[in-house]
Amino acid sequence: MKHTGILKKIAFRTILLIVFASVLSAIYWFLGGCPIWMLLGIPCPTCGITRSALALLSLDFRLSWYYHPLTIPIFLVLTFALCKDLLPIKKHAADRILIASAAFIFVIYLIRLWLNVIS
């Protein structure tokens, strides 16, 4: 029975993540573009995630990869960050996983900037 409670918590937190992403998408569409791009004039590390996620929902994996190659890994990392306290993993190990993930995402961001493939 203990596992059922944990699964419910993971499902609830994943739903919260999806709702949060939906709210950000609504803000994106309402403003007519990315607020970071509009304010700073540069793309953020997650630029293209909304379009990529929509392409994934349409099962267009090629287009999803084109918009942002890390859509699924970023979603998994965010889910892990929300649920790390529910998993049998030590805090410092979870922190290392999150730091390594953030570093990887930032490196991919720099590569995408250098190749000028962020649209």
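Here, residue 1 is the first one in the sequence, and each next residue gets the next number.
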Next item on the list: Would you name the heavy atoms of Pro69 and Ile108 that are closest together and state the gap between them?
Entry: CG-CG2, 4.3 Å
Margin query: Rounded to the nearest 0.5 Å, what separates atom OG in Ser58 from atom CG in Leu63?
Written below: 8.5 Å
Notebook entry, point to check: Just how far is it from atom OG of Ser101 to atom CG of Leu70, taken to the nearest 0.5 Å?
Noted result: 10.0 Å
Check: Given side chains that start at C-beta, do those of Lys84 and Ile97 come closer than 4.5 Å, heavy atoms only?
Finding: no
Next item on the list: Write down the atom of Arg112, the atom of Tyr67, and the distance for their closest heavy-atom approach.
Entry: NH2-O, 2.8 Å
Checklist line | Linked, directly or transitively: Leu78 and Ile18 (ILVMFWY side chains, under 4.5 Å) | finding: yes
Next item on the list: Please check if Ile89 and Val77 belong to a single hydrophobic cluster, counting links between Ile, Leu, Val, Met, Phe, Trp and Tyr side chain heavy atoms closer than 4.5 Å.
Entry: yes
Check: Do the side chains of Phe75 and Ile72 get nearer than 4.5 Å, heavy atoms only?
Finding: no
Notebook entry, point to check: Same cluster for Leu113 and Ile42 if Ile/Leu/Val/Met/Phe/Trp/Tyr side chains link at under 4.5 Å?
Noted result: yes
Check: Atom CD1 of Ile74 and atom CD1 of Ile105: how far apart are they, to the nearest 0.5 Å?
Finding: 4.5 Å
Next item on the list: Would you confirm whether His68, through its side chain, and Thr50, through its main-chain N or O, come within 3.5 Å as a donor-acceptor pair?
Entry: no
Checklist line | Minimum side-chain heavy-atom gap Ile118-Tyr109 below 4.5 Å | finding: yes
Notebook entry, point to check: Would a distance-only check, ignoring hydrogens and angles, find a side-chain to backbone donor-acceptor pair under 3.5 Å from Ser64 to Asp60?
Noted result: no
Notebook entry, point to check: Residues two or more places apart in sequence or in another chain: which of them pass salt bridge (Lys or Arg N to Asp or Glu O under 4.0 Å) with Asp85?
Noted result: Arg13
Notebook entry, point to check: Are Ile99 and Phe104 connected in the hydrophobic side-chain network, where two residues link if heavy atoms are under 4.5 Å apart?
Noted result: no
Checklist line | Heavy-atom side-chain contact between Leu59 and Phe61 under 4.5 Å | finding: yes
Checklist line | Single-linkage hydrophobic cluster, 4.5 Å side-chain cutoff, Leu16 and Leu98 together | finding: no
